[in-house]
Amino acid sequence: MTQAPRIAAPADLVLAWYDRHHRDLPWRVSPPMAARGERPDPYRIWLSEVMLQQTTVQAVKAYFALFTSRWPTVTDLARAETEDVMKSWAGLGYYARARNLKKCAEAVAFEHGGVFPDSEDGLKALPGIGDYTAAAIAAIAFNRRSAVLDGNVERVISRLHAIETPLPAAKPEMRALVAAMTPADRPGDFAQAMMDLGATICTPRRPACALCPLNAACRVLGREDPELYPRKAAKKAKPVRLGAAFVAEDETGAIFLRKRGETGLLGGMTEVPGSGWTARIDGETGPAAAPFAADWQACGTVTHVFTHFELRLSIYRSTVPHHVQAGDGWWQAKETLDGEALPTVMKKAIRQAIPDAFSRR
DNA sequence: AAAACGTGGTA
DNA sequence: TTACCAAGTTT
């Protein structure tokens with residue numbers, strides 16, 4: 001008997017590629033592990049997804065290990081001190097994620113009996129979980145047939161279909177195309193496969209199209225430069241802001257720190273005292289902006305690039321008596337500085353004033 | 001809906 | 001060195 005020639009569905013091609021070429025990641029239950037009966041832990045999937053928002057796999061690995069070691073379950077995290085969570089998150093960036101992580105853990109532990117909702121809608125109602133993360137957790141942890149669209153998938157889909165609409169306007173169209181492509185069987189693996197494909201084959205620059213399981217179907221390959229997709233609106237230039245930071249050391253080697261407000265830039269994190277960060281007005285960036293009078297010595301500048309502006313901080317240092325107080329700050333022993341909730345820009349400022357302030361890096 | 005929100009790596 | 005990029009969410 002004869003059969004009509006069958007064209008493999010794109011999802012099957014992607015899944016077959018994933019079975020051979022998936023990345024092994026600390027939070028992932030890969031196909032061989034699944035074959036041994038292992039199931040994903042929604043807590044670990046959620047934690048990894050939040051950490052991975054706008055953040056590289058490489059950067060996340062150490063933080064994921066630290067968090068899961070220190071707080072093995074969502075209830076452990078819910079019972080943690082927020083300050084300890086911020087300290088552990090320090091350096092990873094986008095600190096609203098850490099504040100929402102703690103709130104989300106509390107909601108799951110205390111309002112959902114310690115069990116994550118297993119639907120996209122239920123997940124999306126939680127703090128810090130948006131469209132992408134809700135779909136990803138639903139698919140990966142609960143095997144729901146949800147359409148997972150992240151930056152990787154946007155790249156794959158935009159090239160596969162030669163989508164001319166620029167992002168973010170193209171998102172609904174892309175989501176519909178992903179939804180149509182997502183299989184009822186193994187939707188979680190399909191989502192992870194599409195992201196791995198975007199991360200390792202369909203890369204932003206120099207994609208390895210020859211190795212792509214979708215190359216035969218790709219509308220861009222062979223016609224145009226894939227690097228031109230997805231189309232994106234041009235980015236705006238970053239303004240420069242100026243400021244001053246004051247690193248005070250007492251005779252025991254302790255450093256004066258204080259806590260930033262809970263919201264906004266670096267919200268809830270620790271800082272050294274400083275001036276405001278002014279938009280280009282060369283205003284009070286000298287010792288007059290100091291938190292208390294002292295023999296402030298200029299010791300250079302630190303440049304730090306944030307998402308939407310570049311900061312040039314003038315650094316001042318001084319040695320002062322221990323009893324000096326200013327507002328709600330405190331003196332922190334230098335040996336314990338590593339454990340503080342200091343964002344990178346503040347570590348840079350302290351290191352500029354006191355090169356051996358931190359144990360390494 | 002556009003802007004705010006971190007950091008480190010790569011070319 | 002400048003520019004872009006990385007598993008986005010919130011307001």
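In this text, all values refer to a predicted model and were calculated from it rather than measured experimentally. Here is the naming used below: chain letters follow the sequence lines, and residue numbers restart at 1 for every chain.
- A gap of 15 Å separates the P atoms of dA7(C) and dA11(B), to the nearest Å.
- Here the P atom of nucleotide dG6(B) and the CE atom of M269(A) are 9 Å apart, to the nearest Å.
- Side chains of T336(A) and E340(A): no donor on one and acceptor on the other come within 3.5 Å.
- Of the candidate nucleotides dT7(B), dA7(C), dC5(B), dT7(B) has the atom lying nearest to any side-chain atom of V345(A).
- Within 4.0 Å of G264(A), counting heavy atoms only, lie sugar-phosphate atoms of the nucleic acid but no base atom.
- Distance check on atom P: dG6(B) versus dA3(C) gives 22 Å, rounded to whole Å.
- When heavy atoms are screened at a 4.0 angstrom cut-off, W27(A) is found touching base atoms of the nucleic acid.
- For W89(A) and Y63(A), the gap between ring centers reaches or exceeds 6.0 Å.
- For L52(A) and dA6(C), the CG to P distance is 13 Å, given to the nearest whole Å.
- No donor-acceptor contact under 3.5 Å links the side chain of R97(A) to the base of dA4(B).
- Look at the P atom in both dT9(C) and dG8(B): the space between them is 22 Å, to the nearest Å.
- dT10(C) atom C1' lies 10 Å from atom NZ of K103(A), rounded to whole Å.
- One interatomic measurement links the two molecules: CD of E310(A) to P of dT1(C), which rounds to 11 Å at whole-angstrom precision.
- Distances were taken from every side-chain heavy atom of Y95(A) (C-beta onward) to each of dA11(B), dG6(B), dA7(C); the shortest belongs to dG6(B).
- With dG6(B), dA7(C), dA6(C) as the choices, the nucleotide that has an atom nearest any side-chain atom of E49(A) turns out to be dA7(C).
- No N or O donor and acceptor, one from the side chain of T133(A) and one from the base of dG8(C), sit under 3.5 Å apart.
- Taking only side-chain nitrogens and oxygens, H304(A) comes nearer than 4.0 Å to OP1 or OP2 of dT7(B).
- The distance between atom CH2 of W89(A) and atom P of dT7(B), rounded to the nearest whole Å, is 13 Å.
- A donor and an acceptor atom never sit less than 3.5 Å apart when one is taken from the side chain of T55(A) and the other from the base of dG8(C).
- Using a distance-only test at 3.5 Å, with no hydrogens or angles considered, a donor-acceptor pair links the side chain of R97(A) to the main chain of M51(A).
- Between Q58(A) and K236(A), the one whose closest nucleotide on DNA chain B sits nearer the 5' end is K236(A).
- dC5(B) and dA6(C) have their P atoms separated by 22 Å, given to the nearest Å.
- As rounded to whole Å, 17 Å separates atom P of dA6(C) from atom CG of L92(A).
- Along DNA chain C, the nucleotide nearest to R205(A) and the one nearest to L126(A) differ in position, and the one closer to the 5' end is contacted by R205(A).
- Atom CZ of R219(A) has 12 or fewer neighbouring heavy atoms from other residues, nucleotides or ligands inside a 6.0 Å radius.
- If you check every strand for non-hydrogen atoms under 4.0 Å, I137(A) touches nothing.
- Taking the ring centroids of H304(A) and F306(A), they lie under the 6.0 Å cut-off.
- OP1 and OP2 of dA11(B) both lie 4.0 Å or more from every side-chain N or O belonging to R206(A).
- T344(A) comes within 4.0 angstrom of the backbone, heavy atoms only, and of no base.
- When the nucleotides dA7(C), dC5(C), dG8(C) are ranked by their closest atom to the side chain of K232(A), dC5(C) comes out on top.
- Put simply, V272(A) and W330(A) are part of the same group of oily side chains (I, L, V, M, F, W, Y) that touch within less than 4.5 Å, one to the next.
- Proximity of H308(A) to the phosphate of dA3(B): no side-chain N or O atom is located under 4.0 Å from OP1 or OP2.
- Distance, R44(A) CZ to dA7(C) P: 21 Å, rounded to whole Å.
- Along DNA chain C, the nucleotide nearest to R28(A) and the one nearest to N100(A) differ in position, and the one closer to the 5' end is contacted by R28(A).
- A straight line from CD of E154(A) to C1' of dC5(C) spans 13 Å, rounded to a whole angstrom.
- Between F256(A) and F292(A), the ring planes are perpendicular. Angles over 60° get that label, and only those under 30° would be called parallel.
- Residue-level contact check: R99(A) touches neither bases nor backbone, having no heavy atom under 4.0 Å from any strand.
- Within 4.0 Å of I129(A), counting heavy atoms only, lie sugar-phosphate atoms of the nucleic acid but no base atom.
- Checked against dT9(C), dA6(C), dT7(B), the side chain of Q54(A) finds its nearest nucleotide in dA6(C).
- Residue G91(A) is in sugar-phosphate contact alone, with no base atom involved, counting any heavy-atom pair closer than 4.0 Å across all strands shown.
- Of the candidates dT7(B), dC5(B), dA7(C), dA7(C) carries the atom nearest the Y132(A) side chain, counting heavy atoms from C-beta on.
- In this structure, the nucleotide among dC5(C), dT7(B), dG8(C) sitting nearest to the side chain of Q53(A) is dG8(C).
- Judged purely by atom type and a 3.5 angstrom limit, R99(A) uses its side chain to pair as donor or acceptor with the backbone of G267(A).
- Between K238(A) and dT2(C), a side-chain N or O to OP1/OP2 separation shorter than 4.0 Å is absent.
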